[in-house]
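Below: one structure, written as structure tokens.
Every chain is numbered from 1 and lettered A, B, ... according to where its sequence line falls, protein lines coming before strand lines. Below, all heavy atoms of this structure are taken into account, side chains as well, without hydrogens, waters or symmetry copies. Remember, it's a predicted structure, so these values are computed and weren't measured experimentally.
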Amino acid sequence: MAVVAGASPSPHSERAPRRPAGAGRFVRMSKHVITPPGEDFPRWYQDVIQKAELADNGPVRGTMVIRPYGYAIWEQMQQAMDRRIKAAGAKNAYFPLFIPESYLTREAEHVEGFSPELAVVTHAGGKTLEEPAVVRPTSETVIGEYMAKWIQSYRDLPLLLNQWANVVRWELRPRLFLRTSEFLWQEGHTAHATEEDARLYAKHIHEEVYAPFMRNELAMPVVLGRKTARERFAGATNTLTCEGMMGDGKALQMGTSHELGQNFARAFEMDFLTESNERELAWTTSWGTSTRMVGGLIMCHGDDAGLRVPPKIAPIQVLVMVVKDGDGVGEAARGIVDELLDAGVRAELDDRDTAFGRRAVDAELKGIPVRVEVGPRDLAEGSVTIARRIAGGKTSVPLAGVAQAVADALSTDHDALYADALQRRDARMTSVTTLDEAAEAAATGWATIPWASVGPEGEAKLAESAITVRCLVLPDGSVPRSEDEDDVLAVVARAY
RNA sequence: CGGGACGUGGCGCAGCCUGGUAGCGCACCGGCUUUGGGUGCCGGGGGUCGCCGGUUCGAAUCCGGCCGUCCCGACCA
């Protein structure tokens with residue numbers, strides 16, 4: 001068996017010649033088709049999105065066309081998230097895209113936070129609307145209105161809703177997947193009888209839905225923490241966040257859960273009668289994750305050769321490639337696809353009439369975890385060649401052992417991706433004690449610094465150099481109940 | 001929205017300084033050739049040079065305005 005360097009080829013120049021399995025001679029390897037990430041990370045990100053056919057810019061500034069392969073990745077994320085959300089007890093519903101402008105203005109902080117990025121419909125049906133309709137930037141307000149209508153008694157609580165929808169926030173500086181004026185997301189909205197119940201539910205979503213999803217499906221080791229007042233959601237009393245580290249050391253907020261206190265309940269008169277027949281305002285929460293996670297996935301796992309998709313959410317886990325048709329190769333390849341599909345593996349056949357090298361590079365760009373290469377030479381030996389995108393290398397495997405080899409590969413690849421990401425994060429995380437040191441550390445990664453020595457003033461000062469407090473954590477990695485607890489640490493970094 | 005860079009076939013670029021009716025690589029189409037890592041050769045198609053206006057006999061080229069993209073900043077999932 002020959003080993004090839006698939007995982008981390010040298011940047012810039014052409015890759016060193018490699019020896020494919022079964023071939024006794026050197027072959028010319030593909031020159032890099034994308035900008036190396038170490039050379040220009042933003043450029044690399046764009047190259048990956050284009051070459052892996054994930055998305056295109058939309059015709060209106062800030063909008064995005066999600067292409068089939070990119071959308072397939074989102075669908076995988078959706079499915080996994082939806083399962084977890086339902087397991088947490090929330091039910092899906094759908095609320096309208098258009099929201100009366102007056103709803104937004106009912107919660108002072110909320111409207112203040114969102115007004116700069118609202119898209120407002122003033123004309124429709126050929127005339128000026130009596131009341132403008134806001135295109136939802138989030139649905140707290142409409143959902144609050146209806147929750148108020150549905151909740152009468154403590155017996156109606158908790159009310160746990162979720163919706164999959166598009167939302168619009170007019171962006172000044174759009175970036176595919178990370179910041180677009182329209183994006184797709186999931187927004188959960190819940191109402192509870194007590195503050196404690198609301199707090200625990202937001203925490204539950206955060207720690208038992210979001211974080212496990214990111215770790216177990218996306219293979220991303222996120223840091224869970226609490227947002228500072230400055231970074232908190234408009235109208236929330238507390239915001240929890242999952243922060244992921246990207247390949248360039250910058251942070252990306254991958255998901256947030258908010259405790260909204262009684263702010264929205266008050267604004268929408270969401271009250272209920274308690275067991276003792278007293279009127280009380282409900283306590284609400286909201287929580288969301290979006291297509292931004294696709295951007296996070298790219299920037300967390302991608303490498304010189306393109307995207308690397310974690311097996312659990314890979315739309316195509318295994319690409320079975322017909323190397324050269326004839327001698328029963330096509331039939332054998334189809335047989336392997338069927339066998340894998342039967343075993344529950346997302347497998348696809350590649351028998352395109354394009355040069356083999358091109359198809360192999362294409363699969364690498366798209367980050368397909370495993371390729372099964374079937375050619376006459378393999379079949380003559382009763383075997384196939386398995387190429388690994390994440391671990392790298394090619395192995396010859398007997399036909400009868402393909403399903404097992406694939407299963408093993410997919411499971412170890414997930415762990416390998418997670419380990420890579422964790423290693424990078426730990427390597428780039430520095431513990432410091434002064435603002436200057438924090439700023440220095442943030443040039444290449446993240447810094448942790450006692451929150452007591454930062455505070456709102458230090459936070460504002462860091463912001464001048466584009467550095468933000470991503471979240472507050474406790475030394476043991478748990479989430480502080482308040483900013484004022486002892487030993488609270490601030491995680492500071494540059495962020496997307 | 002502020003600072004910077006850039007807009008020329010689908011993508012990446014040259015041409016602009018020194019105006020004279022548009023070129024290269026990749027991609028695409030056809031043929032042959034090859035198929036175990038972006039095959040090779042031959043032949044093709046495709047661009048009102050971002051938009052609007054100005055200068056000029058003549059503008060991709062000079063001038064002004066606008067729009068867009070990317071980077072940095074303020075805002076954000």
Expressed in whole Å, how much space separates the [atom1] atoms belonging to [N] and [M]?
N	M	atom1	answer
B:G50	B:A74	C1'	28 Å
B:A27	B:G12	C1'	11 Å
B:C63	B:G20	P	15 Å
B:U21	B:C49	C1'	12 Å
B:C51	B:U35	P	46 Å
B:U18	B:C62	C1'	11 Å
B:G54	B:U61	C1'	15 Å
B:G53	B:G31	P	45 Å

According to side chain to side chain donor-acceptor pair (under 3.5 Å), who are the partners of [X], at least two apart in sequence or on a separate chain?
X	answer
A:Y496	A:D248
A:D325	none
A:S139	A:Q163, A:E187
A:S181	none

Expressed in angstrom and rounded to an integer, what is the separation of [X] atom [atom1] from [N] atom [atom2]?
X	N	atom1	atom2	value
A:E373	B:G37	CD	P	9 Å
A:K366	B:G37	NZ	C1'	17 Å
A:D327	B:U35	CG	C1'	13 Å
A:D350	B:G37	CG	P	15 Å
A:D353	B:U35	CG	C1'	9 Å

[N] pairs with, by Watson-Crick or G-U criteria that keep both distances under 3.5 Å:
N	answer
B:A77	none
B:C24	B:G12
B:C32	B:G40
B:G68	B:C6
B:G45	none
B:A59	none

Backbone of A:T241 reached by a side-chain donor or acceptor of A:Y210 within 3.5 Å: no
Qualifying salt bridge (Lys or Arg N to Asp or Glu O under 4.0 Å) pairs, either residue in residues 219-228 of chain A, two or more places apart: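 Sorted result for residues 219-228 of chain A: A:K227-A:E243.
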Sequence neighbours excluded - salt bridge (Lys or Arg N to Asp or Glu O under 4.0 Å) pairs with any residue from residues 105-118 of chain A: A:R106-A:E145
Holding to ring-ring contact (aromatic ring centres under 6.0 Å, His included), I want the full list of residues that pass it with [X], two or more places apart in sequence or in another chain.
X	value
A:W164	A:W74
A:H258	A:F233
A:Y103	A:F268

Pairwise 5' ranking along RNA chain B for A:Q50 and A:R371, keeping only the more 5' one: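 Upstream on the strand: A:Q50.
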Between the protein and nucleotides 70-77 of chain B, list every N/O to N/O distance that falls short of 3.5 Å.
from  : atom 1 : to     : atom 2 : distance (Å)
B:C71 : OP1    : A:R175 : NH1    : 3.1
B:C72 : OP2    : A:R173 : NH2    : 2.4
B:A74 : OP1    : A:A463 : O      : 2.4
B:A77 : O3'    : A:Q253 : NE2    : 2.0
B:A77 : O3'    : A:R292 : NH1    : 3.3
B:A77 : N6     : A:T180 : N      : 3.1
B:A77 : N6     : A:T180 : O      : 2.7
B:A77 : N3     : A:S290 : OG     : 2.9

More than 12 heavy atoms from other groups under 6.0 Å of CD on A:E440: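 Result for CD/A:E440: open.
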Donor-acceptor pair present, A:T354 side chain and B:G38 base, under 3.5 Å: no
Side chain A:K394 and base B:G36 donor-acceptor under 3.5 Å: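 A donor-acceptor contact between them is absent.
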Would you list the protein and nucleotides 24-33 of chain B atom pairs, both N or O, that sit under 3.5 Å from each other?
from  : atom 1 : to     : atom 2 : distance (Å)
B:A27 : OP1    : A:R358 : NH2    : 2.9

Touch class at under 4.0 angstrom, heavy-atom based, for A:L379 against every strand present: nothing
A:H189/A:F264 aromatic ring centres below 6.0 Å: no
Nearest heavy-atom neighbours spanning A:Y45 and A:G295: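 Reported closest heavy-atom pair: OH-CA, 3.4 Å.
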Contact residues, residues 309-325 of chain A to RNA chain B [heavy atom, < 4.0 Å]: A:V323, A:K324
